Amino acid sequence: MGDDVGRLRAAVVGTGLIGGSILLRLHEAGLRVVGWDPDPATRAAGRRRGLTFPDDLADAVRDRDVVFLGGPLPSLPETLLTVAGLTDDRCVVTDVGSTKAAVAEFAGAHGLTGRFVPGHPMAGAERAGLTAALAGLFVDAAWVLCPSVDGLGPFRSLVGLVVDVFHAHAVPMSPGVHDSVVALSSHVPHLLAGSLAGAAADSAVRDAVVRLAAGSFRDGTRVATTPARRTADMLLANREQVLRQLTEVRAALDGLAEAVRADDLPALVDRYERAATVRRPRPGHAPPVRRQFALDGDPADELAYVRSIGESGGHLTGCTVAGGLVTYTGVRPADAPA
């Protein structure tokens, strides 16, 4: 974004792990950024760290160019509506929630898609709160953005922030594709971690399991230590996709169990060899792609193109607007369709 970064006025509403990390990075990058959290103790802790934390939400978002919305998933629609009412139409708003279809639908129903871009930075940790926040949390992380056809202007600005300030990978997707992908890549793993750790917790040999737990058990149960309410909110917010993907996982698990039950060595080996392909490095990226669109052209073509980048496993590395044109640069996996 060049020299424009220093002139941006930003706010972060909800300063837990993700929101707090956004706030710290924006502050570190020299933006005029304000934080706000409904918890007075969090606001006080932020002030002690040298951050600006007014007590009133209206004071935090007034005259801002961009506002990031954090906080619990169930609170995001109402927070969006409140912040939209406290800011003018030039203010870009995005969120950091782990599901996108519901908040995108809410924004559409309230006429906010022209300034609100659903977002999801794919980074995190088991710990929560501003005290766990890290300014470098998003470096090289995927940051999903789900623009609508009338929200391409704000989307272009956010791509610049994501890439230039956070040094993350901007991954455009439709809200529905995002929710389907994260159901299998993030949400179902929380279910599996909870089931494995829960079985161990209820086992008659619990203490021995804990004593002998190897890396596979520790890795497989790591996210079970995520704050329980946060996990529950995430799973329920994406319930339909989680249950659909869980059906596929159950089928795979049943296939493994049946091979064990039948003492079928070839079938068991075959299933594990196929599963291992997901963990193997992909063949890298194809040469960088570059595409221009006229600002007065059909926005549906532009939206379809940027979504195709993210949904094929690629990401955007830049976005510039000049001379009536918007230019996107990005990369796709070498084995992705052109």
Side-chain angles (χ1 to χ4, degrees), residues 73 98-101 120 122-126 141-142 144 171 173-286 310-314 332-337:
L73 268 175
S98 58
T99 62
K100 297 276 67 89
H120 181 199
M122 302 294 295
E126 297 78 53
V144 178
V171 182
M173 286 183 170
S174 71
V177 169
H178 166 274
D179 286 2
S180 177
V181 170
V182 297
L184 190 55
S185 66
S186 176
H187 301 171
V188 169
H190 278 77
L191 281 177
L192 298 178
S195 62
L196 179 57
D202 296 335
S203 173
V205 292
R206 168 185 171 145
D207 292 340
V209 169
V210 173
R211 177 68 180 85
L212 299 184
S216 56
F217 183 86
R218 291 193 298 270
D219 291 345
T221 59
R222 180 182 61 83
V223 295
T225 61
T226 302
R229 178 57 187 268
R230 190 168 79 190
T231 299
D233 285 342
M234 174 183 71
L235 294 172
L236 292 178
N238 201 22
R239 178 172 54 186
E240 181 179 339
Q241 291 290 354
V242 166
L243 293 175
R244 178 177 292 119
Q245 299 292 3
L246 184 60
T247 299
E248 301 297 321
V249 173
R250 279 175 170 161
L253 184 58
D254 287 344
L256 287 169
E258 181 56 36
V260 171
R261 187 178 297 110
D263 196 22
D264 189 341
L265 177 62
L268 200 57
V269 170
D270 180 69
R271 285 183 175 275
Y272 269 101
E273 286 182 342
R274 176 168 175 74
T277 62
V278 175
R279 296 282 297 183
R280 292 176 189 145
R282 295 185 72 171
H285 291 112
E311 292 172 9
S312 68
R332 295 179 187 266
D335 56 353

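Keep in mind the model is a prediction, meaning the values are calculated, not measured.
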### Task
Return the minimal non-hydrogen interatomic distance between G314 and P333, and the atom names on each side.
N-CD, 3.6 Å

### Message
If you compare all heavy atoms of V171 against all heavy atoms of G310, which two are closest, and at what distance to 0.1 Å?
### Response
CG1-CA, 3.7 Å

### Message
Distance check, rounded to the nearest 0.5 Å: D179 atom CG versus M173 atom CE?
### Response
10.5 Å

#### Entry: Which atom of S98 lies closest to which atom of L73, heavy atoms considered
OG-CD1, 3.5 Å

### Query
Okay, side chain of S203, backbone of A199: is any donor-acceptor separation there less than 3.5 Å?
no

### Query
How many angstroms lie between atom NE2 of H187 and atom CG of L246, to the nearest 0.5 angstrom?
13.5 Å

### Query
Do F217 and V210 come within less than 4.5 Å of each other through their side chains, counting heavy atoms only?
no

### Message
Determine whether a donor-acceptor pair (N or O, by modelled atom type, separation under 3.5 Å) exists between the side chain of N238 and the backbone of T99.
### Response
no

### Query
Where is the tightest heavy-atom contact between A224 and A197, given as atom of each residue plus distance?
CB-CB, 4.0 Å

### Query
Backbone N or O of E273 within a donor-acceptor pair of the T277 side chain at under 3.5 Å?
no

### Query
Hey, what do you get for CG (L268) to CG (D263), rounding to the nearest 0.5 Å?
9.5 Å

### Task
Run the salt-bridge test on R229 and D233 with the 4.0 Å N-O cut-off and return the result as yes or no.
yes

### Query
Less than 4.5 Å apart, any side-chain heavy atom of V249 and any of L184?
yes

### Message
With heavy-atom distances below 4.5 Å as the criterion, would you say the side chains of E311 and V181 are in contact?
### Response
no

### Message
Which heavy atom of A200 sits nearest to which heavy atom of V209, and what is that distance?
### Response
CB-CG1, 4.1 Å

### Message
Between the side chains of R244 and E248, is the shortest nitrogen-to-carboxylate-oxygen separation below 4.0 Å, so that they form an ion pair?
### Response
no

### Task
Can you measure from NE2 (H190) to OG1 (T226) and round to the nearest 0.5 angstrom?
4.0 Å

### Task
Can you see which heavy atom on A141 is nearest to which on A123, and at what distance?
CB-CB, 4.2 Å

